Amino acid sequence: MLDLKTVRENLPAVAAALKKRGFDFDVEAFERVDAGRRAAITEAEQLKAAKNGLSKKIGDLKKAGEDAGELMDRVRLMGEQVSAAEARAAELDEKLYDGLKRTPNLPHESVPEGLGAEQNVEVKAWGRPPVFDFSPKPHWELGEALGILDWVRATKISGARFTVYRGMGARLERALIQFMLDTQTQRNGYTEFWTPLLVNAETMFGTGQLPKFEEDLFRLRGDSPYYLIPTAEVPLTNLHRDEVLDEAVLPLKYTAYTPCFRAEAGSYGKDTKGMVRQHQFNKVELVKFALPETSFAEHEALTLDAESILEALELPYRRMLLCAGDMGFGAAKCYDLEVFSAGQEKRWWECSSCSNFTDFQSRRANIKVKRRDGKKELLHTLNGSGLATSRVLPAILENNQLADGSIVVPKVLRPYLGGIEKIG
RNA sequence: GGAAGGAUGGCCGAGCGGUUUAAGGCAGCAGACUUGAAAUCUGCCGUGGGGGCGACUCCACCGUGAGUUCGAAUCUCACUCCUUCCGCCA
């Protein structure tokens with residue numbers, strides 16, 4: 001959520017910045033509601049102040065043993081005026097904050113203009129796409145032929161957009177997760193967590209999934225207090241909800257492997273084959289809590305941490321700086337890492353999204369830092385995938401395939417797979 | 001699932017209808033003393049929101065939401081969470 005005062009005091013600049021990401025901020029409506037809200041609050045508070053003063057007088061009179069009956073009648077009548085004024089103020093207050101909660105973050109100055117993926121800027125490329133002397137197959141054909149991925153049975157037991165991993169497929173997935181976690185904890189300095197996969201509405205609000213994106217989430221029942229997490233960002237970031245952290249402990253670097261559950265509403269008919277767009281997938285997530293003055297440097301470092309996985313796996317990738325209009329709701333700046341996948345028509349797959357949310361999430365989730373001088377302020381939150389296996393495993397299958405349909409296991413994963421060099 | 005107790009500022013903790021303007025302590029910040037530090041002393045020190053150029057002032061907040069009352073941290077009801085005990089259970 002944006003800061004009310006910042007919005008009020010920089011209206012034209014805020015509207016212009018939001019325009020950069022294609023969000024139409026209604027300046028006129030904001031000014032009207034904001035002014036109305038403040039007028040209503042002032043009126044209600046003046047009435048309350050008068051009422052409080054008289055109530056106090058009643059106490060004094062009673063203590064002095066005098067009659068306060070007449071005054072009590074007067075104050076009783078004021079109660080109705082106060083309630084009416086409070087109701088008006090509350091209505092406008094809700095309207096104002098409801099609008100604010102549904103307004104995305106301001107893009108950082110380094111973010112290019114643009115409304116769609118076409119305006120994203122490639123800022124880095126690593127590795128070389130493999131060259132084949134045969135026609136490379138997509139991962140769903142490779143996986144089925146090897147008997148390691150099974151979509152027919154996944155559909156039977158659950159439905160569309162689920163994957164069953166079998167034998168070396170299951171083991172490869174597990175190896176990948178463990179390799180990612182080991183790298184982030186042992187090499188890149190993150191602390192590992194296991195968290196609940198079901199979280200409450202406050203938690204979903206804290207990271208920005210609610211109230212605007214409820215249709216993307218799975219819920220046990222309509223009346224259940226629990227939502228299934230769409231990413232480990234949600235539980236990890238909310239670990240420190242309503243907390244004040246000491247400046248000395250920052251930055252905090254957290255990681256967790258979790259399954260991720262997404263309704264993928266509105267994506268029907270898109271990427272229906274294979275495991276790239278599923279209702280349930282696996283991801284190792286990176287989350288940072290940082291000081292405001294270092295958060296953009298931490299963002300660069302976090303992105304490098306995510307890239308270190310792809311490089312270790314020897315998977316070619318490119319880093320895209322997202323344009324303002326292609327970023328997620330809460331992001332001020334975002335890099336996408338896209339891995340090259342040899343067997344599909346769309347050859348670059350987003351396998352990580354590394355974002356700096358500045359104080360957008362921390363304002364919602366009320367996460368503060370206590371500075372050395374004792375002052376408290378909102379800290380900055382960041383996160384990125386490190387990485388999503390549903391995009392990395394297909395890339396391994398497709399890029400490392402041989403003419404006979406077998407797969408060369410990346411060297412760094414071999415210790416996790418009993419030393420085997422090839423699947424199939 | 002049953003029973004009892006509890007939830008107060010960054011932390012601990014008093015307060016159980018009107019000097020609460022939330023005591024006191026810890027931590028923190030500033031200053032004094034000191035060569036420096038420690039100890040000691042003095043002062044400051046919750047969050048959010050209104051109004052004012054400003055000194056300042058007002059409102060709300062004591063787990064959440066309703067209610068009683070002229071007046072609620074304090075009384076009533078519901079809910080959430082925590083602790084202890086019992087039951088069940090991987």
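We name chains A, B, ... by the order of the sequence lines, and we start the count at 1 in each one. Here the structure is a predicted model, which means the values were calculated and not measured.
With sequence neighbours left out, the salt bridge (Lys or Arg N to Asp or Glu O under 4.0 Å) criterion links A:Glu28 to A:Arg32. Taking the salt bridge (Lys or Arg N to Asp or Glu O under 4.0 Å) definition, one finds that A:Glu377 meets it with A:Arg371, sequence neighbours left out. Residues passing the side-chain contact (heavy atoms from CB on, under 4.5 Å) test with A:Lys212 are A:Phe23, A:Arg102, A:Phe329, sequence neighbours excluded. By the side-chain contact (heavy atoms from CB on, under 4.5 Å) test, A:Val244 is found to be paired with A:Lys368, A:Lys370, A:Lys376, residues two or more places apart in sequence or in another chain being considered. For A:Phe25, the ring-ring contact (aromatic ring centres under 6.0 Å, His included) partners are A:Phe30, not counting sequence neighbours. Partners of A:Lys124 under the salt bridge (Lys or Arg N to Asp or Glu O under 4.0 Å) rule, at least two apart in sequence or in another chain, are A:Glu307. Looking at residues two or more places apart in sequence or on another chain, you find a side-chain contact (heavy atoms from CB on, under 4.5 Å) between A:Leu92 and A:Val33, A:Arg37, A:Ala40.
Stem regions annotated for RNA chain B: B:1-7 with B:80-86, B:10-12 with B:24-26, B:28-32 with B:40-44, B:46-51 with B:56-61, B:63-67 with B:75-79, counting only runs of 3 or more consecutive pairs of Watson-Crick or G-U type with both contacts under 3.5 Å.
If you check every strand for non-hydrogen atoms under 4.0 Å, A:Lys62 touches a base. Here A:Arg372 lies in heavy-atom contact (under 4.0 Å) with sugar-phosphate atoms only. Within 4.0 Å of A:Asn52, counting heavy atoms only, lie sugar-phosphate atoms of the nucleic acid but no base atom. Within 4.0 Å of A:Arg363, counting heavy atoms only, lies no atom of the nucleic acid at all.
Contacts between residues 41-50 of chain A and RNA chain B, defined by a heavy-atom separation under 4.0 Å, are made by A:Ile41, A:Thr42, A:Glu45, A:Lys48, A:Ala49.
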For a quick test of your reading: what N or O donor-acceptor pairs under 3.5 Å do the side chains of residues 141-159 of chain A make, sequence neighbours left out?
{"residue": "A:Asp150", "atom": "OD1", "partner": "A:Val152", "partner atom": "N", "Å": "3.1"}
{"residue": "A:Asp150", "atom": "OD1", "partner": "A:Arg153", "partner atom": "N", "Å": "2.9"}
{"residue": "A:Asp150", "atom": "OD2", "partner": "A:Arg153", "partner atom": "NH1", "Å": "2.7"}
{"residue": "A:Trp151", "atom": "NE1", "partner": "A:Thr163", "partner atom": "OG1", "Å": "3.1"}
{"residue": "A:Thr155", "atom": "OG1", "partner": "A:Trp151", "partner atom": "O", "Å": "2.7"}

Would you tabulate the side-chain donor-acceptor contacts of residues 408-424 of chain A under 3.5 Å, counting partners in other chains and residues two or more places apart, or write 'none'?
{"residue": "A:Arg414", "atom": "NE", "partner": "A:Val409", "partner atom": "O", "Å": "2.9"}
{"residue": "A:Arg414", "atom": "NH2", "partner": "A:Val409", "partner atom": "O", "Å": "2.9"}
{"residue": "A:Tyr416", "atom": "OH", "partner": "A:Asp182", "partner atom": "OD2", "Å": "2.6"}

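A nucleotide of RNA chain B counts as in contact with chain A when one of its atoms lies under 4.0 Å from a heavy atom; the first and last such, 5' to 3', are B:G10 to B:G71.
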Legend entry - Stepwise side chain to side chain contact (heavy atoms under 4.5 Å, CB included) test for A:Phe357 and A:Thr237: CA-CA 11 Å; A:Phe357 293 86; A:Thr237 304; over 6 Å; no

